[in-house]
Amino acid sequence: MIEKGIKDQLDSVASTLQMIQQSDECTDEIEKILFNQIGVLIFTIEELDNYFDLFNKFEISIS
């Protein structure tokens, strides 16, 4: 449950940054910064998936 909440929040932040990046008012400099931040968020979400999977397997093997 917590995993889904964390991932949903990060997905929401990435979506918001994408909307800002795609707006007409976004300058090229800001667009480049947002592109990098969105990439980091996506990488973080993927890494969290790996950590949560590892944690769940560890928790099952202890039981």
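- Here the straight-line distance linking atom CD1 of Ile30 with atom CD of Gln37 works out to 9.0 Å at 0.5 Å rounding.
- Atom CD of residue Glu31 and atom CD1 of residue Ile20 lie 12.5 Å apart, to the nearest 0.5 angstrom.
- With rounding to the nearest 0.5 Å, the separation of CD1 in Ile33 from CD in Gln21 is 11.0 Å.
- At least one donor-acceptor pair under 3.5 Å links the side chain of Ser15 to the backbone N or O of Asp11.
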Problem set entry | Test log, rule side chain to side chain contact (heavy atoms under 4.5 Å, CB included), inputs Leu10 and Ile42 | CA-CA 8 Å; Leu10 291 175; Ile42 291 169; over 6 Å; no
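- Side-chain contact between Glu3 and Asp49 is absent, with no heavy atoms from C-beta onward closer than 4.5 Å.
- The two atoms that bring Leu34 and Cys26 nearest to each other are CD1-SG, 4.1 Å, heavy atoms only.
- Contact annotation: the side chain of Val13 never approaches that of Ile38 to less than 4.5 Å [non-hydrogen atoms, C-beta and beyond].
- Using a 4.5 Å cut-off between side-chain heavy atoms of Ile, Leu, Val, Met, Phe, Trp and Tyr, with links allowed through other members, Val40 and Met19 fall into different hydrophobic clusters.
- Note: Ile45 CD1 to Asp8 CG = 9.5 Å, rounded to the nearest 0.5 Å.
- A distance of 10.0 Å separates OG1 in Thr44 from OH in Tyr51, rounded to the nearest 0.5 Å.
- Considering CZ of Phe52 and CD1 of Ile2, their distance stands at 8.0 Å, rounded to 0.5 Å.
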